[in-house]
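A quick write-up on the structure given underneath.
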Amino acid sequence: MEQIEFDLGLPEEPPQNKQIEPNGMCRKYGYGPEDATCKTCYYLLKKQHERDLKTHWYKCSLQRTGTGCGPDIRLKYKACRKYAESLITRKVNEHEKNSKLRG
């Protein structure tokens, strides 16, 4: 009896160097604007420890984690497709554009 080999065109071993995107929002929704980060997003929340005011962490309000159990957000993460520019960032950008136009 002869053994038949099937060529499915799949690689023999999966690539080991493939990195998983750390930002869960980007994995879920895709990437947003190229230059934007989570630091300038409207939906970024800063949570602070009740007793130790020096301890803080960041969450995304779109993740609906409620009490804070869930993944923290790093400010340097690339922005996701749901990115909305914060009001402060928008004012700074407008000021920079106006100062460039003036001279």
Side-chain angles (χ1 to χ4, degrees):
M1 188 169 197
E2 200 175 309
Q3 186 175 3
I4 301 172
E5 288 188 31
F6 291 104
D7 183 19
L8 301 176
L10 300 173
E12 292 180 13
E13 293 182 18
Q16 299 295 326
N17 295 337
K18 185 177 179 183
Q19 290 190 350
I20 298 173
E21 173 61 44
N23 188 353
M25 297 298 285
C26 285
R27 285 195 308 262
K28 187 174 184 179
Y29 298 113
Y31 293 104
E34 209 172 293
D35 297 338
T37 60
C38 289
K39 182 177 183 177
T40 58
C41 185
Y42 174 76
Y43 299 109
L44 183 72
L45 298 174
K46 182 179 180 180
K47 301 282 186 170
Q48 208 161 18
H49 196 275
E50 293 175 0
R51 291 183 221 133
D52 183 13
L53 298 178
K54 293 180 182 178
T55 305
H56 61 273
W57 58 94
Y58 298 95
K59 298 284 184 179
C60 180
S61 63
L62 296 175
Q63 285 184 325
R64 296 184 180 95
T65 53
T67 60
C69 341
D72 293 343
I73 297 293
R74 293 189 180 182
L75 298 179
K76 65 180 181 177
Y77 279 167
K78 296 177 186 174
C80 72
R81 191 169 285 153
K82 299 273 185 172
Y83 172 83
E85 191 174 36
S86 69
L87 297 175
I88 295 170
T89 308
R90 192 175 303 150
K91 287 181 182 180
V92 168
N93 289 343
E94 287 175 6
H95 179 72
E96 287 175 358
K97 286 179 187 177
N98 291 337
S99 64
K100 286 180 184 177
L101 292 175
R102 289 182 196 153

Item checked: Heavy-atom pair of closest approach, residues L53 and H49 -> CD2-O, 4.0 Å
Note to self: Show the nearest heavy-atom pair for residues S61 and L45, with the distance to one decimal.
What the structure shows: CB-CD1, 3.6 Å
Check: Among all residues two or more places apart in sequence or in another chain, which pass the ring-ring contact (aromatic ring centres under 6.0 Å, His included) test with H56?
Finding: Y58
Item checked: Minimum heavy-atom distance D72-W57, with the two atoms named -> OD1-CD1, 3.7 Å
Next item on the list: Any salt bridge (charged side-chain N to carboxylate O under 4.0 Å, His left out) involving residues 80-89? Give me the pairs, sequence neighbours left out, ordered by first then second residue.
Entry: E85-R90
Item checked: ILVMFWY cluster, Y43 and I73 together (side-chain gap under 4.5 Å) -> no
Note to self: My understanding is that only residues two or more places apart in sequence, or in another chain, count here; which of them pass side-chain hydrogen bond (donor to acceptor under 3.5 Å, both in side chains) with T40?
What the structure shows: Y83
Would you be so kind as to tabulate the donor-acceptor pairs closer than 3.5 Å made by side chains of residues 20-29, with sequence neighbours excluded?
residue	atom	partner	partner atom	Å
E21	OE1	Y31	OH	2.6
E21	OE2	N23	N	3.3
N23	OD1	M25	N	3.1
N23	ND2	K78	O	3.0
R27	NH1	E21	O	2.3

Next item on the list: For D35, check side-chain hydrogen bond (donor to acceptor under 3.5 Å, both in side chains) against everything at least two apart and list the hits.
Entry: none
